[in-house]
Chemist: 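So that we are looking at the same thing, I have put the structure below in structure tokens.
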Amino acid sequence: MFDRDKWIEIIEALTANTFRTLLTAFGVFWGIFILVILLAAGKGLENGVKKGFDGIATNTMFMWSKTTSKPYKGLPSLRNYEFNNSDVAALKEKFPDLLYVSPRNELGGNNTQSSNVIRGTKTGAYSIFGDCPELMFQEQMRIVSGRFINQQDILLKRKTAVIGSGVIKDLYDKAEDVIGTYIKVNGVNFIVVGVYKSISRVNGDPESQQKRIYLPFSTFQQAFDYVDVVGWMAITAKDDASITALKPAILEFMKSRHSIDPLDDRAIGNFDLYEQFSKVQGLFLILKVIAYFVGTLVLLSGVIGISNIMLIVVKERTKEIGIRRALGATPAMIRSQILLESIFLTIVAGMLGIAMATGVVVIVNIVLDSMPSGDMMFANPSVDLTVVFVALFILVGSGLLAGYIPAQTAINIKPVDALRAE
């Protein structure tokens, strides 16, 4: 490995026909280039899609009441019912693996009333939510001024409000101080105690998420005559538990509380965010496997090219090999010489391919950074060091594979026959 003369001989052998060597090396260069680009592109797509889940606890499900589809215990089908405050407490007590059970109510939304919020002479229509303090840990909005709803707001039924940056643009003048001002929601005055900016893109478009108003859940029920009604719940499991695994038991428990047939799957609506997130992760695992598979096949074609060229080189050097064998060179020495030439050519071509692919990825990242992110589902394409080491391992293995058959051919030549070769 550290024999200077041997490396000089390898360089001379590979540069004896430079054009042929370059064409041979290009197959490996292109294969590893394609492999790295495919993996980087897959990672960029993964980052872009997962960016849509930023700011929300993915181990979460949402649950709401619907209309029953089966009669049960003397109760008719097509029966309407509603969740209530006691359901929230019962779920927390029944399932200790639940981290948050957040009751929620809403005014507006898709059915937003015109001018449901008034401030002075300005009016606007927004989604009005009744929420609890733990929502901050489930949707993870960023409070840019003031504070979010706290437990004292809930206990004392304070008329406080947290508004989005989009609401400020509609109802306030530029540079106007927002905290401490009053807004009128459906005829009820609320004092603004905080301003948020949503960092989640899962529920609705980013612009609409900045035009929401959050009120204490208890105040919302009292002010808008919701009494004991819970519109829906955001339920988050602890890190060591799966909300997908808990979901069947949660639905069964809620059906028993509201006298719903256990086989009635249409009575309770639900959306499992963790399940959807897991599907996305599985998709990108498949894409990564496909990238490795395609890249390896392309690389293998380059390896076959190197092996063929090395066979030609061995044939051209038959007489030289015979002379070396006659002078005492062992089969192991001849084999190592051929294998080193093959490995050297493969690694040099492969590392150039990695360097070129890395340069392309850097340029793409620079271009993406200069563009407005918006809803682009592609972000920060990259390849980690693990991929580089895997590629290096593939290159070494490919070099050994490409050189093995030519090396065996070389040591199988008898010295006498080699000396007679022309």
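Excluded from the calculations below are hydrogen atoms, water molecules and symmetry mates; all remaining heavy atoms, backbone and side chain alike, are included.
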Chemist: Which distance, rounded to the nearest 0.5 Å, do you find between the CG of D228 and the CZ of F83?
Modeler: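 So the CG of D228 and the CZ of F83 are separated by 13.0 Å.
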Chemist: Are the side chains of I179 and S145 in contact, using a 4.5 Å heavy-atom criterion?
Modeler: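 In contact.
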Chemist: Does the side chain of I243 come within less than 4.5 Å of L98's, by heavy atoms?
Modeler: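 In contact.
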Chemist: Mind checking whether Y214 and Y196 have parallel, tilted or perpendicular rings, split at 30° and 60°?
Modeler: perpendicular
Chemist: State, with a plain yes or no, whether a side-chain heavy atom of Y274 is found less than 4.5 Å away from one of K247.
Modeler: no
Chemist: Is there a side-chain contact between R104 and V230 (heavy atoms, below 4.5 Å)?
Modeler: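 Not touching, per the 4.5 Å side-chain cut-off.
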Chemist: So, do M254 and M233 sit near enough that their side-chain heavy atoms are less than 4.5 Å apart?
Modeler: yes
Chemist: Rounded to the nearest 0.5 Å, what separates atom OG1 in T67 from atom CG in L78?
Modeler: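 Separation between the atoms: 7.0 Å.
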Chemist: How long is the gap from NE2 on H258 to OG1 on T68, to the nearest 0.5 Å?
Modeler: 12.5 Å
Chemist: Where the side chain of Q221 meets the backbone of V229, is there a donor-acceptor pair that is under 3.5 Å apart?
Modeler: yes
Chemist: From T181 OG1 over to Y172 OH, what is the distance, rounded to the nearest 0.5 angstrom?
Modeler: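 Rounded to the nearest 0.5 Å, the OG1-OH separation comes to 2.5 Å.
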Chemist: Can you check whether I154's main-chain N or O pairs, donor with acceptor, with S218's side chain at less than 3.5 Å?
Modeler: yes
Chemist: Under 4.5 Å between any side-chain heavy atoms of W64 and I268, yes or no?
Modeler: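 A side-chain contact under 4.5 Å is absent here.
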Chemist: Is the shortest side-chain heavy-atom distance between L215 and T160 below 4.5 Å?
Modeler: no
Chemist: Could you check whether any side-chain heavy atom of L45 comes within less than 4.5 Å of a side-chain heavy atom of L287, counting everything from C-beta outward?
Modeler: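 Yes, their side chains come closer than 4.5 Å.
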Chemist: Is the side chain of N105 donor-acceptor paired with the backbone N or O of G231 at a distance under 3.5 Å, no angle test?
Modeler: yes
Chemist: Is the side chain of N116 donor-acceptor paired with the backbone N or O of Y126 at a distance under 3.5 Å, no angle test?
Modeler: yes
Chemist: Once you measure the plane-to-plane angle for W30 and F26, does it fall in the parallel (<30°), tilted (30-60°) or perpendicular (>60°) bin?
Modeler: parallel
Chemist: Take F148 and V193 through the side chain to side chain contact (heavy atoms under 4.5 Å, CB included) test and state the conclusion after the steps.
Modeler: CA-CA 7 Å; F148 192 63; V193 296; over 6 Å; no
Chemist: Within this structure, what is the CG-CG distance for the pair D131 and D153, rounded to the nearest 0.5 Å?
Modeler: 12.5 Å
Chemist: Would you check, one step at a time, whether the test salt bridge (Lys or Arg N to Asp or Glu O under 4.0 Å) holds for R119 with E176?
Modeler: CA-CA 13 Å; R119 181 179 180 268; E176 186 177 0; 2.5 Å; yes
Chemist: Find the distance between CG (L39) and CG (L35) and round it off to the nearest 0.5 Å.
Modeler: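 L39 atom CG to L35 atom CG measures 5.0 Å (nearest 0.5 Å).
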Chemist: Should we count CG of N80 as having more than 12 external heavy atoms under 6.0 Å?
Modeler: yes
Chemist: Let me see the working for D170 and K122 under salt bridge (Lys or Arg N to Asp or Glu O under 4.0 Å), right down to the final yes or no.
Modeler: CA-CA 8 Å; D170 295 342; K122 297 181 178 181; over 6 Å; no
Chemist: How are the rings of W232 and F129 set to each other: parallel, tilted or perpendicular (split at 30° and 60°)?
Modeler: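 W232 and F129: perpendicular rings.
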Chemist: For D264 and K70, what are the C-alpha separation, side-chain angles and deciding distance, and is it a salt bridge (Lys or Arg N to Asp or Glu O under 4.0 Å)?
Modeler: CA-CA 6 Å; D264 189 348; K70 297 177 182 292; over 6 Å; no
